[in-house]
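Only one structure is covered here, and it is reproduced in the block below.
Note on naming: letters A, B, ... go to the chains in the order of the sequence lines (proteins, then strands), and numbering restarts at 1 for each one.
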Protein chains: 2
Amino acid sequence: MAKTQKSGDVYDPSCSARDALELIASKWAMLILPALADGPMRSGALLRRIGGVSQKMLTQTLRELEKNGLVIRQDMQTVPPHVEYRLSPLGASLSDVLVALDRWAELHFPELDAARERFLRRRS
Amino acid sequence: MAKTQKSGDVYDPSCSARDALELIASKWAMLILPALADGPMRSGALLRRIGGVSQKMLTQTLRELEKNGLVIRQDMQTVPPHVEYRLSPLGASLSDVLVALDRWAELHFPELDAARERFLRRRS
DNA sequence: CCGAATCCCGATCGATACTG
DNA sequence: CAGTATCGATCGGGATTCGG
């Protein structure tokens with residue numbers, strides 16, 4: 001195996017907990033997983049729900065999440081294509097934490113904005 | 001102003017809550033902020049604490065966090081240089097959420113590993 | 001018609017060496 | 001000890017094309 005798994009330590013780059021963190025540390029994953037918390041969605045619906053995401057990045061991120069067992073992909077094998085994505089139990093547990101992060105951003109972004117402006121003013 | 005601030009909605013790419021999320025969605029920010037939760041640290045100590053980070057990325061990320069009011073930089077103006085970083089109250093509140101994320105990764109990475117292996121096996 | 005794969009470019013990252 | 005500069009490698013993301 002590639003990594004020594006001692007105990008889970010995200011500060012150890014050789015621990016695969018770090019891989020897990022890097023998977024999560026993606027702005028799209030942080031939006032996709034919470035979006036799926038309310039129930040299964042088609043790829044087109046996700047594309048509309050998540051503003052600013054491209055089809056490519058959506059598919060790419062979903063594949064990565066599927067690969068790691070966080071998202072389950074269900075292809076209805078119909079014409080026209082109908083593909084649904086839903087959270088696995090593992091994905092749902094992660095989604096809970098990510099929802100908290102999203103809510104933090106939605107609550108505190110004005111303070112970040114203000115700090116940025118203060119910072120710029122200070123250097124002018 | 002660049003973005004219409006309606007209400008905080010991370011799903012709206014024109015809301016600066018999205019900017020906040022993108023700032024957070026960095027593997028280094030996710031390690032730096034929790035690392036500072038235990039108290040102020042010097043830059044060298046952070047470099048040692050956070051495995052795999054380069055001096056460049058550490059400085060760069062710290063600057064970004066400082067710019068957004070999450071981290072406070074204190075230069076002791078001595079020779080040799082002594083610079084300390086510590087969380088602002090805002091940064092501390094974010095750190096709490098990030099700690100939860102880190103702990104999720106440390107708890108569940110074996111399940112991700114297993115899922116990846118299952119995925120590979122399925123396609124072989 | 002919907003979802004995925006390919007090509008291509010700019011932005012970003014990381015290693016190393018250097019400055020104050 | 002803290003930060004910067006440079007450069008090659010890598011990644012993100014859009015436009016386009018493919019396939020069912």
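Judged purely by atom type and a 3.5 angstrom limit, A:Ser95 uses its side chain to pair as donor or acceptor with the backbone of A:Leu33. Not a single donor-acceptor pair under 3.5 Å links the side chain of B:Ser16 to the backbone N or O of B:Asp19.
For the atom pair CH2 of B:Trp104 and CG of B:Leu98, the computed distance is 15.0 Å after rounding to the nearest 0.5 Å. A distance of 4.5 Å separates CG in B:Asn68 from CG in B:Leu23, rounded to the nearest 0.5 Å.
In 5' to 3' order, the nucleotides of DNA chain C bounding all contacts with chain B (an atom under 4.0 Å from a heavy atom) are C:dC13 to C:dG20.
Of all the residues in residues 48-81 of chain A, A:Ser54, A:Lys56, A:Met57, A:Pro81 reach under 4.0 Å from DNA chain D with at least one non-hydrogen atom. Non-hydrogen atoms lying under 4.0 Å from DNA chain D are contributed by A:Lys27, A:Trp28, all within residues 27-37 of chain A.
Between B:Glu106 and B:Arg103 no salt bridge is recorded (no basic side-chain N to carboxylate O distance below 4.0 Å).
No side-chain heavy atom of B:Val97 sits under 4.5 Å from any side-chain heavy atom of B:Ile24.
No more than 12 heavy atoms of other residues, nucleotides or ligands sit less than 6.0 Å from atom CD of B:Glu117. The 12-atom threshold is not exceeded at CZ of B:Arg48, counting heavy atoms of other residues, nucleotides or ligands nearer than 6.0 Å.
Both B:Val10 and A:Met57 are members of a single hydrophobic cluster when ILVMFWY side chains are connected at heavy-atom separations under 4.5 Å. A single hydrophobic cluster is seen to contain both B:Leu36 and B:Met30, as judged by linkage of ILVMFWY side chains at heavy-atom distances under 4.5 Å, directly or through other members.
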